[in-house]
Amino acid sequence: MTSNMIAREPAIGRRTLLKVGSAGAAALLFAPIIARAASDMGGALSPDASIYPKKAFAQTSESAALKIMYGADATASDKIQLDAPDIAENGAVVPVTVSTDMPNVTSISLLALDNPYTMAASYKLTADAIPNIASRLKLAKTTKVVAIVEAGGKLYSTSKPVKVTLGGCG
Amino acid sequence: MANQILARATVSGGVTTVQALVKHPMDSGFVKDKAGKIIPPHYIEVIEFALNGKVVLTGFWGPAVSRNPYSKFMFKGGKSGDTISIAWVDNLGKKAGTEVKIA
Amino acid sequence: MKRLYLAGFAALVLPGLAAAATPTKASAEHAIAAAEAKIKLSAAHDNQWPSTLAALKSAKAAEKKSDFATAETEAKRAEMLAGLSLQQAVSQKKLWKNAVVH
Amino acid sequence: MIKRDFVIGAVIAAVALAAMPIAHAGAKPDPAADQKAFQAYFKSRFPSLPLADYVDGPYNFSKSERDQWKQIMDFPPYQFSLDTGKQMFETKFPNGKSYADCLPNGGIGIAQNYPMFDEKTGQVVTLAGAVNQCRVDNGLKPLKLTKEPMADLVAYMTYTSRGKPIDVKVPDSPKALAAYEHGKEYFYTRRGQLNFSCASCHVQEAGKHLRGDVLAPALGITASFPVYRSKWGNTGTLVRRFVGCNEQVRSVPDKPDSANYRDLAYFLTYMSDGLPIAGPGARP
């Protein structure tokens, strides 16, 4: 396989992070990267737990979860970009990004079909929100990840298989 | 507790990008501890992101969202100095939130 | 490799067969003491295997339940495993140098 | 049953190898020559990989893992550790003193010099060990060497050294050389029921896949510690990884503050002299 392949690319990770230079950079780097919490509570925001669609998150099939969440089934679409790795480096942290150019997107959901519960995350977008959301998911095993986009009152979907291998050594 | 949420918001070309890392175990309820006892489910259910107090994105999360969850999203509008608020509530009714200024 | 495998198998099984005589409390205790001595030695050589300690543990547990046959078999297994790890450590005292990058 | 027998067979095979010739027996340790050979070995193994990039470990060998890592590094999961570590570092002890008072250069930008040999005690001191000494000197309890909050504190201190070349020194003294040689021996010694040495995985098999993961080359491997491991879900120190490695080869781990682990860290970090500090890092 690709065992001994050297994956080379210019300017990445550490180097990009370090571009600021070395002298006294640490303190400089630290401050702007993280804007520390000004207050412990998010101002006036206080999310209401009762709006949580608990039932939709307790389903074990795609169609059941979608029925409860949206009252409909999704049709496949090539207008949705679902960015997820072919092979997860660790099933506990799998970066997944969903984006689309469709207009009037009101909701985006992420499903992992072979997880104990299908629905992983769901987002409600207001008119100003751009349909481009990145998240990190737990995948119990190799599974198809499905992205659902609700646009103009209709449901669209795309999917991608993600292989989850045994983690542990390293 | 301090530092429950680390966030950063930047604006460019009229589009604001928000990134946030939330400190939370996100226990699924399927994992056992070292003594073989099930760790009870403990995860964020609702998270809200707002610009100057007005919600722009609401996230509903299940136990399949990774520990210490990361989110990144974008929205139109917002300018340097505006306030982004982020707040969550979990399945045990605990809440936390933070505010950052758009850089 | 196959021959080595068989040798390993023989090393494992033969002591077990020999012990099959008539295990008593005394013989079980004796076997446990012998295992503990070997384990001490391999610990002194910084090379203990978890399986060795697990075998000793189950030997002691069996002895407590007056299951002397199991106690003796498990103790002998612990002793043998400790012996192997000791052998490994002793041989590595010289062998490690062959692996050095130079 | 079958597995166990196989393993025993493997050990016997190793014992059978005892007849092989032994090189360099009894020579005086020459750390500088070892280091040169060590770095040259990896250079010839992976000619296209710049020395400084070894600190990225497994991500040099798998494009897919590298891509995921880059996404994760967009907002690294160890940020909480940095944040907590910084707070800890800046918090004064009950007696009014702080870490800055007992560490060289106020504790900032010094990680590249550790582990360090202390002629007075005749022992290797890791950065975490120096932190604990400082705590004890100020009447506080030492912290556990493997996990948070020690890992947070060391992560922050290491962060202030980012990009600085590793500069571990082995003084030409009998005790320092003995500690170095002891660490080297530990590194190359096969142990555990699976009969693996550190070198088996991180020299000979470096860059290859073991189950789902890529084995990181030993060169530069210490530069990214402490690391946030997705598997752990938090940040751990180098010693925590040593414990894990021992467990994986079915060997009873040493105590975190043992001379074995301190000397191993000393040898291993010295091999990477000149490579940039990249910690804290993120690993699967």
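It should be emphasised that the depicted structure is a prediction, and the values quoted were computed from it without experimental measurement. Order of the sequence lines sets the chain letters (A, B, ...), proteins ahead of strands, with each chain counted from 1.
- Along residues 254-271 of chain D, the residues that come nearer than 4.5 angstrom to chain C, judged on non-hydrogen atoms, are D:Asp254, D:Asn260 in order of number.
- For the pair C:Val101 and D:Tyr188, the tightest heavy-atom approach, listed with the atom from each and the gap, is N-OH, 3.3 Å.
- For the atom pair CG of D:Asn195 and OG of C:Ser85, the computed distance is 11.0 Å after rounding to the nearest 0.5 Å.
- Side chain to side chain, C:Ser51 and D:Gln193 meet the donor-acceptor criterion of an N or O pair below 3.5 Å.
- The NZ atom of C:Lys94 lies 14.0 Å from the OG1 atom of D:Thr189; values are rounded to the nearest 0.5 Å.
- The side-chain contact (heavy atoms from CB on, under 4.5 Å) search around D:Pro142 returns D:Asn132, D:Val136, not counting sequence neighbours.
- Of all non-hydrogen atoms in C:Asn47 and D:Ser251, the two that sit nearest each other are OD1-OG, 4.2 Å.
- Applying the side-chain contact (heavy atoms from CB on, under 4.5 Å) rule to C:His30 yields no partners; only residues at least two apart in sequence or on another chain are considered.
- Judged as a side-chain contact (heavy atoms from CB on, under 4.5 Å), and not counting sequence neighbours, the contacts of C:Ala82 are C:Lys38, C:Ile39, C:Ser42, C:Thr52.
- Contact annotation for C:Ala99: both backbone and side-chain heavy atoms come within less than 4.5 Å of a heavy atom of chain D.
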Should C:Asp46 and D:Tyr186 be marked as a side-chain contact (heavy atoms from CB on, under 4.5 Å) after you check the CA-CA gap, both sets of side-chain angles, and the distance that decides it? CA-CA 10 Å; C:Asp46 275 340; D:Tyr186 194 96; 5.6 Å; no
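- For C:Val100 against D:Lys184, the heavy-atom pair with the smallest separation is CG1-CE, 3.8 Å.
- Residue D:Ser197: no heavy atom, backbone or side chain, is found under 4.5 Å from chain C.
- A salt bridge links D:Glu185 to C:Lys93: one of the charged nitrogens lies within less than 4.0 Å of a carboxylate oxygen.
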